[in-house]
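Notes follow the structure.
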Amino acid sequence: MSRPFLFLLPVLVLSGCSVKDVKPWEKEDLASPRMQRDGGNKLMRQYQEHIYFSKEGTKGGIGVAGGGCGCN
Amino acid sequence: MKVLFLLLPVLTSGFAYDIGETIPDDIAGRIGMERSKVYIIDFFASWCGSCAKEMSDLNRLHERLDPDRYELVGIEIDKDRSKAAAFRQQHRIAFRVIEDSERTIVTAFNPVGMPTLYIVENGKVTHIVTGARNRLDRVVLDYLKETHE
């Protein structure tokens, strides 16, 4: 086996394992309300926020920011 | 072999049109671009909240542009055609829209976010606006006024 090929082999193998980034135009499914923690159920979200507020004495910081813009 | 190693980062990274770069003829043909006009190309999708916000601004911009010199073109990247049609109807989109459900045009432009607006003149990108802006119509008109009047 030639030496350059031995150098190139790990690069090719490792690049195959790398996670490909999601492009901004591929976020259709990620932007779906079903992808939220509560599955888009408003009542469930309010219920969970109430429990969180009762236990932690604080609220907010729940959910995902942005409306599909990949620049956030 | 050394050249191959040096080219690896270039080959594995995405290509995007930056300011000053020329749009290839096949992509320009898909958009239906003529050399005599300045094109304002906006990428949007029905699932993108920021895109929905800027639609009224884009409709206003379309009304205010001189059709002999400028054209606003929307590139709709929805896979679901029914959702795309409903979005167009809901926002009463008046400008020309190209359906890019196969994502050929958007992949070629490779914008960093949604929505992104490109201004293309003589086949070259002259300005890029990324993300939703307050009164996008004014942002674009101010730019066109600065550069063309």
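The structure presented is a predicted model; accordingly, all values stated were derived computationally and were not measured.
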Lys79(B) versus chain A, the contacting section by heavy-atom distance below 4.5 Å: both
Ser82(B): side chain to side chain donor-acceptor pair (under 3.5 Å) partners, not counting sequence neighbours: Asp80(B)
Joint hydrophobic cluster, Tyr39(B) plus Leu72(B), side-chain heavy atoms closer than 4.5 Å: no
Shared hydrophobic cluster for Phe109(B) and Ile75(B) (ILVMFWY, side-chain gaps under 4.5 Å): yes
Show every donor-acceptor pair shorter than 3.5 Å between a side-chain atom in residues 19-35 of chain B and any protein atom, with sequence neighbours excluded, or say none if there are none.
from: Glu21(B); atom 1: OE2; to: Asp18(B); atom 2: N; distance (Å): 3.3
from: Arg35(B); atom 1: NH1; to: Asn122(B); atom 2: O; distance (Å): 2.7

His50(A) NE2: over 12 foreign heavy atoms closer than 6.0 Å: no
Any side-chain heavy-atom pair of Lys23(A) and Thr107(B) under 4.5 Å: no
Residues in residues 93-106 of chain B near chain A [non-hydrogen atoms, under 4.5 Å]: Arg103(B), Val106(B)
Verify same cluster id: Ile40(B), Met55(B) (apolar side-chain graph, 4.5 Å): yes
Nearest-0.5 Å distance, SG of residue Cys48(B) to CD of residue Glu28(A): 11.0 Å
Contacts of type side chain to side chain contact (heavy atoms under 4.5 Å, CB included), residue Arg135(B), not counting sequence neighbours: Asp57(B), Arg60(B), Asp137(B), Arg138(B)
Single-linkage hydrophobic cluster, 4.5 Å side-chain cutoff, Tyr17(B) and Ile77(B) together: yes
Beyond-backbone contact of Pro111(B) with Trp25(A), side-chain heavy atoms, under 4.5 angstrom: yes
Heavy-atom closest contact (Trp47(B) atom, Pro24(A) atom, distance): CH2-O, 3.2 Å
